[in-house]
Amino acid sequence: MKLHEYQSKQIFSRYGIPIPKGRVATSATEARQIAEELGGRVVVKSQVLVGGRGKAGGIRLAKTAKEAEEVATQILGMEIKGLSVRKVLVDPAANIEQEIYLGITNDRAARRPVFMASAAGGVEIEEVARTNPEKIIKVHIDPLLGLRDYQARDIAIGIDLPKEYWKQFGDICRGLWRAYMESDATLAEINPLVILKEKSLLALDGKMLLDDNALFRHPDLAEMRDVDEEAPAETEARKYGLTFIKLDGNIGCMVNGAGLAMTTMDIVKLFGGEPANFLDIGGGAGADKVAAAMRIILSDKNVKVILFNVFGGITRCDEVAKGILAALKEVKPTISMVVRLVGTNAEEGRKLLADANMITAETLVDAARKSVAAAKA
Amino acid sequence: MSILVDKSTRLLVQGITGNEGLFHTQQMLSYGTKVVAGTRPGKGGEWVLDGKVPVFDSCKAAIEATGANASIIFVAAAFAPDAIFEAADAGIPFIVCITEGVAVQDMMRVREYLDQKQVRLLGPNCPGLLTPGEAKVGIIPGDIAIPGNIGVVSRSGTLTYEVLYALKLVGMGATTCVGIGGDPINGTNFIDCLSMFEDDPHTEKVVLIGEIGGTDEEKAAQFIASKMTKPVVSFIAGQTAPPGKRMGHAGAIIEGGAGTAADKVKALEAAGVKVAKHPEQIPDLLK
């Protein structure tokens, strides 16, 4: 789960990391009021869950409160990479001397959290990572020991941070570590962490990604999810414990198991079709789940065919068949359906569907060919 | 012959009284696996499945009474890390965790601890493993595979069934099929399994089923090129997956342009691995 900049910075602030004294506005008038309270120059920042906001014109400086209102009006009407801007963060402008990058993420290969830091922070950090990877310091953390003080010093030394900032930087590292740990984050990032002309450090921008699998122990964080920013079908799917990702094609896929669901998309494409979605009904899905999955697929008006590919293991094919029948009664789709059932109780499942006017397939290749043909008919 | 499990495996089922625990214990027993004990705190002293399997309050008690030498975990995600720690502390050398949805930071701590104790973990979020004709430790349907000379290792569940079934249809069988799971941090990895298959005298060829996300397939390719004498055939799922989206498995996500199927296929082909365009092509490539 992605958090907005303002949410990430609020969490950082709870762990003693200094952040700007700004607030979030949902209207231009509100943005103006905040700018008035803050006084002086402000930065108006779109709050959308994508990168590259600055380059898209979604982050603008305003010299006065009136200008903040104008800028906010423009930004609040914007769409950035397909997402409409509904909120802006109004922060006081900072006098920046240097921009640093500081972040923690999970290093899959090392199986440990890794701190990353660079003296060349700011918007070009990804470019730095590509062209001058040696300019990014990496310090792996023992997950059983946590961040040790010497490691925070190693990071400071590694990025040539002047000695006068070591103590404050150490506190920020420890705060970021705790924010990462205690929120079950998969990424906690400050970019940039700035050295101000006033000779102190400030976290100007923040980003956090949280582990969906750990949200059960963080109900407060789970509530921060911004459902405005995801496709409604994805929100609906999550309610039923389904994993759904919308794609641009016209062949809807309903599959059990993530690997097989990806493979089904791949094979549809291999035989000249375009998958409309990724949908994993998971292991042991019963009739109600299958019916929900079918409604979600059919809510996409591009879909011309549904391909059901179920390899029964924990999931029983007769249960899936019952779900399909229940959904058919409810939604009465007029489009073609191709079904392939293999494994646990496949025979019973096929019998149940015998009168449902569906195209049946024996193998994966057969199922893909028939789906593609039906989509082109 | 086989790897990891065989007829001498004495299995302990953690979370044996739950729906899934019970159902799959029954399936494993029917297959011939020696399930010697189960645990469920608070239900020690009871028996399940018509008195076939005794239940204990703790792993320690179960091992003392039955000499269990492997465990399988069916407890909910919130409790799975603790179940792994408990089994490791009780002296179980090989733990299989079926549970899906374990938090990744928990898994980092688990891995660190298990590595220190030199305990082998398979999973989490995996279907377990099957040595056809000998033992089934997990949830892979027993009737979709026959004994043979092909080692199978996979990050996926149902996709693995698909491959085993495609092999069976043409009369090909497996020495052992290992599902390593779809999570970003897991126990046993591709290289561990490839290395065991390379050493197993009965395994003649290996099938590696990968998917998008991470760089494990690329590392496996390096291992194959430098260490393996046996031929390897592969399939990589997720050719059409969009970047930045988690494709069901926590580990199946293309991040910052890394972990694409194209990169993995390229690395494997460079290592001399034949890569199938779809699972039903695998038997042909093994011929």
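Atoms considered below: every heavy atom in the structure, side chains included; atoms not considered: hydrogens, waters and symmetry mates. By convention in this document, chain letters (A, B, ...) are assigned in the order of the sequence lines, proteins followed by strands, and residues within each chain are numbered from 1.
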Which one wins on heavy-atom pair count under 4.5 Å against chain B: [options]?
| options | answer |
| --- | --- |
| A:Ile245, A:Asp212, A:Leu242, A:Thr243 | A:Ile245 |
| A:Thr264, A:Asp280, A:Ile267 | A:Ile267 |
| A:Ala261, A:Pro143, A:Gly257 | A:Pro143 |
| A:Leu279, A:Thr344, A:Val310, A:Leu270 | A:Leu270 |

* **Trace of the salt bridge (charged side-chain N to carboxylate O under 4.0 Å, His left out) decision for B:Asp143 with B:Lys136** => CA-CA 11 Å; B:Asp143 59 355; B:Lys136 155 178 150 118; over 6 Å; no
Select one option (side chain, backbone, both, neither) describing which atoms of [X] are under 4.5 Å from chain A's heavy atoms.
| X | answer |
| --- | --- |
| B:Glu280 | side chain |
| B:Arg111 | side chain |
| B:Ile140 | neither |
| B:Asp115 | side chain |
| B:Ala78 | both |
| B:Ser156 | side chain |
| B:Phe235 | side chain |
| B:Arg155 | side chain |
| B:Glu162 | both |

Just so I understand: if I count every heavy-atom pair under 4.5 Å between each of [options] and chain A, which residue has the most?
| options | value |
| --- | --- |
| B:Gln27, B:Gln281, B:Met247 | B:Met247 |
| B:Asp216, B:Thr158, B:Leu169 | B:Thr158 |
| B:Val104, B:Ile139, B:Asn186, B:Ile212 | B:Val104 |
| B:Gly101, B:Pro141, B:Ala252 | B:Gly101 |
| B:Gly157, B:Ala166, B:Ser154, B:Gly213 | B:Gly213 |
| B:Pro184, B:Pro242, B:Ala77 | B:Pro184 |

Contacting region of [X] [heavy-atom separation from chain B under 4.5 Å]:
| X | answer |
| --- | --- |
| A:Asp184 | both |
| A:Leu215 | neither |
| A:Asn309 | side chain |
| A:Tyr180 | both |
| A:Phe216 | side chain |
| A:Val342 | side chain |

Salt bridge or not for [X] and [Y], using N-O below 4.0 Å?
| X | Y | answer |
| --- | --- | --- |
| A:Arg111 | A:Asp107 | no |
| B:Asp192 | B:Arg120 | yes |
| A:Glu362 | A:Arg340 | no |
| A:Glu234 | A:Lys246 | no |
| B:Arg109 | B:Glu112 | no |
| B:Lys277 | A:Asp266 | no |

Got [X] and [Y] here, is their nearest side-chain heavy-atom distance under 4.5 Å?
| X | Y | answer |
| --- | --- | --- |
| A:Glu274 | A:Val268 | no |
| B:Glu218 | B:Thr215 | yes |
| A:Leu221 | A:Ile11 | yes |
| A:Lys269 | A:Leu247 | no |

* Anything under 30° is parallel, anything over 60° is perpendicular, the rest tilted; go ahead and classify B:His278 against A:Phe271. => tilted
* Walk me through it: do A:Phe278 and A:Phe244 pass the test ring-ring contact (aromatic ring centres under 6.0 Å, His included)? => CA-CA 6 Å; A:Phe278 167 95; A:Phe244 174 87; 8.8 Å; no
* To do: Taking the six-membered ring for Trp and the full ring for Phe, Tyr or His, determine whether the centres of B:Tyr165 and A:Phe311 are under 6.0 Å apart.
  => yes
* In sequence, state the C-alpha distance, the side-chain angles, and the governing distance for B:Lys287 and B:Asp284, and then conclude on salt bridge (charged side-chain N to carboxylate O under 4.0 Å, His left out). => CA-CA 5 Å; B:Lys287 279 175 189 161; B:Asp284 285 339; 3.5 Å; yes
